Amino acid sequence: MDDFRRVADEVAADIAAGRLRPGDRLPPQREFARQRAIANSTAARVYKELVLRGLTVGEVGRGTFVRAAAPRPQPALAEPADSRVDLELTYAFVPEQASLLAESMGALLRPDVLEASMRPVGAAGTLPARGSVADLLAREDWRPDQERVLFAGNGRQAIAAAMTALVSPGARIGVEELTYPVVKAIASRLGVTLVPLAVDAAGLVPEAVEAAMRKTPLDAVYLQPTLHNPLSLTMPVERRIELAGLLRRLDLHAIEDAIWSFLRHDLPPLAALAPERTILVDSLSKRLAPGLTLGFAVVPEALGANVSTALRSGGWTPMRFALDAATRWLSDGVVGKVTRAKQAEAAARQELAARHLGEFAVHSDPHSFYCWWELPPPWRADTFVAAAARQGIAVTPAAAFAVGHYRAPNAIRLGLASPPTDILARALATLAGLARSTPDDLLSE
């Protein structure tokens, strides 16, 4: 065996055994040659071989580093399936985001900067962070007061803190009759009762809020005006204005979940129309990645102390390093670049869904990473989910989003964000084929 391949095999074995871990830096080639008692030219060939095998990556001016583990192979759409195509998750990744994020991390790793980032930070974060988030959320004619921005570890914690501040244990909060499942879990832990409110093609129905208030007063409402999950609806500005007036008239507060609003930046948030009645909650998890998250909320002045207390008592305040990293990504324009890439990616995936599912009752927004499919008879959501699982495809039934005793429609949500586009296309084609058949057809196979 050639010397360079033998040495490359030895390094590969160290990586496989965990003696060299992802991110570890290999010595400069001359030092490596001395350590291994090989020629400099042989060391150069070893390093090239490791790159070709996908085990390392060279960064100009920095050196050669052990690469992160390769992603698991994507599943084939065949039965039986040992792995699956996940159309439940809605986390989007674009190829350029890791390199963009890495470029801004170097300054954070300087000892003096890192030392500051290891110190604790409260719910108010830092002045640069508040300013960066206010800029991020700003619209053409609205920018939130940066002194009203508070931070949490993630968006879910920000929602929990807002709910804690507004709703007493045992009290009621109105939510859309189909809602983000995590909100159901949060309410359960807080001892809060969710009241399902009707939704139409424009989103939350104001008359449903008034009717619920007449029956038993609500402490607050939670809603998703932009790219509602799971329905993919976006509330028009006229409905937003109507709801803002309703909140004032009923002396009611709202928690506005704006997690997906980065994909549609063309409408004013409810917080811009009724700032004194609305807590706007957002995060970086969808904009960037679930492992790089930071939650934040724009809170009316009268509620600031209550939300801050909820964040502290719940242990939901942010980590300083995550806060500083997010501030740098925001100020460097990295978040904006990743956002634009994801907006384009969402549009491309919606076109793919329309191509394969256009004959069916599929509802979505061209900016969204998911769609809502009202299944054709005789399919029921539970049987369709099971049939899709047999083909190695995971989808979410409507019942997962239903609130209280609301009877879920015969529908599923498809998350379009996670699989590579070729795998997504095959999955959508497979689901379309299922929908054209019947459950009895499958039983007869």
Side-chain angles (χ1 to χ4, degrees), residues 1-75 82-83 86 89 91-118 284-285 287-294 319-326 328-329 332 334-335 337-338 341-342 417-420 422-423:
M1 178 187 295
D2 293 337
D3 282 348
F4 81 91
R5 290 198 178 95
R6 174 183 57 77
V7 177
D9 288 344
E10 292 172 358
V11 177
D14 287 340
I15 294 172
R19 292 185 288 272
L20 286 172
R21 296 171 297 177
D24 283 353
R25 182 179 178 180
L26 298 186
Q29 290 182 16
R30 289 182 179 276
E31 182 180 339
F32 182 86
R34 288 197 300 269
Q35 291 175 356
R36 301 280 177 157
I38 58 178
N40 291 338
S41 59
T42 303
R45 297 183 72 186
V46 170
Y47 276 42
K48 182 177 180 180
E49 177 70 12
L50 292 171
V51 170
L52 290 174
R53 295 186 190 185
L55 298 175
T56 62
V57 58
E59 298 183 15
V60 176
R62 296 192 63 215
T64 300
F65 297 83
V66 177
R67 196 184 193 101
R72 295 176 61 186
Q74 292 294 332
D82 295 325
S83 54
D86 199 330
L89 291 178
Y91 287 105
F93 296 87
V94 290
E96 60 268 43
Q97 70 184 65
S99 58
L100 286 170
L101 294 168
E103 288 174 7
S104 290
M105 290 296 289
L108 281 174
L109 301 181
R110 290 203 332 257
D112 58 324
V113 179
L114 188 58
E115 181 179 1
S117 294
M118 291 188 290
L284 293 184
S285 62
R287 282 181 172 88
L288 296 181
L292 300 173
T293 189
L294 176 74
M319 293 187 296
R320 177 64 180 266
F321 185 82
L323 187 75
D324 288 349
R328 184 166 293 276
W329 288 326
D332 285 355
V334 170
V335 173
K337 292 176 183 177
V338 174
K342 290 190 176 183
S418 299
D422 58 333
I423 297 294

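Treat the numbers as computed from the prediction; the structure is a model and nothing was measured.
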Q. Hey, does Leu50 have a side-chain heavy atom less than 4.5 Å from the side chain of Leu26?
A. yes
Q.
Would you compute the distance between atom CD of Glu10 and atom CZ of Arg6 and round it to the nearest 0.5 angstrom?
A. 5.0 Å
Q) Salt-bridged, Arg45 to Glu49, with N to O below 4.0 Å? A) no
Q: Return the minimal non-hydrogen interatomic distance between Lys342 and Arg287, and the atom names on each side.
A: NZ-O, 3.1 Å
Q: Write down the atom of Ala33, the atom of Ala43, and the distance for their closest heavy-atom approach.
A: CB-CB, 3.9 Å
Q) How would you list all residue pairs meeting ring pair (Phe, Tyr, Trp, His ring centres under 6.0 Å) that involve residues 13-55, not counting sequence neighbours? A) Phe32-Tyr47
Q: Please name all residues satisfying side chain to side chain contact (heavy atoms under 4.5 Å, CB included) with Ala289, sequence neighbours left out, ordered by chain then number.
A: Phe93, Gln97, Leu292
(Q) As an exercise, state the distance from OG of Ser285 to OH of Tyr91, rounded to the nearest 0.5 Å. (A) 5.0 Å
(Q) Which heavy atom of Leu288 sits nearest to which heavy atom of Trp329, and what is that distance? (A) CD1-CE3, 3.7 Å
Q | Straight-line distance of Asp24 CG to Arg19 CZ, nearest 0.5 Å | A | 12.5 Å
(Q) Using the side chain to side chain contact (heavy atoms under 4.5 Å, CB included) criterion, which residues pair with Lys48? Sequence neighbours excluded. (A) Leu52
(Q) According to side chain to side chain contact (heavy atoms under 4.5 Å, CB included), who are the partners of Ala341, at least two apart in sequence or on a separate chain? (A) Val94, Glu96
(Q) Restricting to salt bridge (Lys or Arg N to Asp or Glu O under 4.0 Å), what partner residues turn up for Glu31, sequence neighbours left out? (A) none
(Q) The criterion is side chain to side chain donor-acceptor pair (under 3.5 Å); which residues satisfy it with Thr42, sequence neighbours excluded? (A) none
Q. Minimum heavy-atom separation for Ser418 to Leu89, with atom names?
A. OG-CB, 3.4 Å
Q | Pairwise distance CG(Asp324) to CG(Leu294) - rounded to 0.5 angstrom | A | 10.0 Å
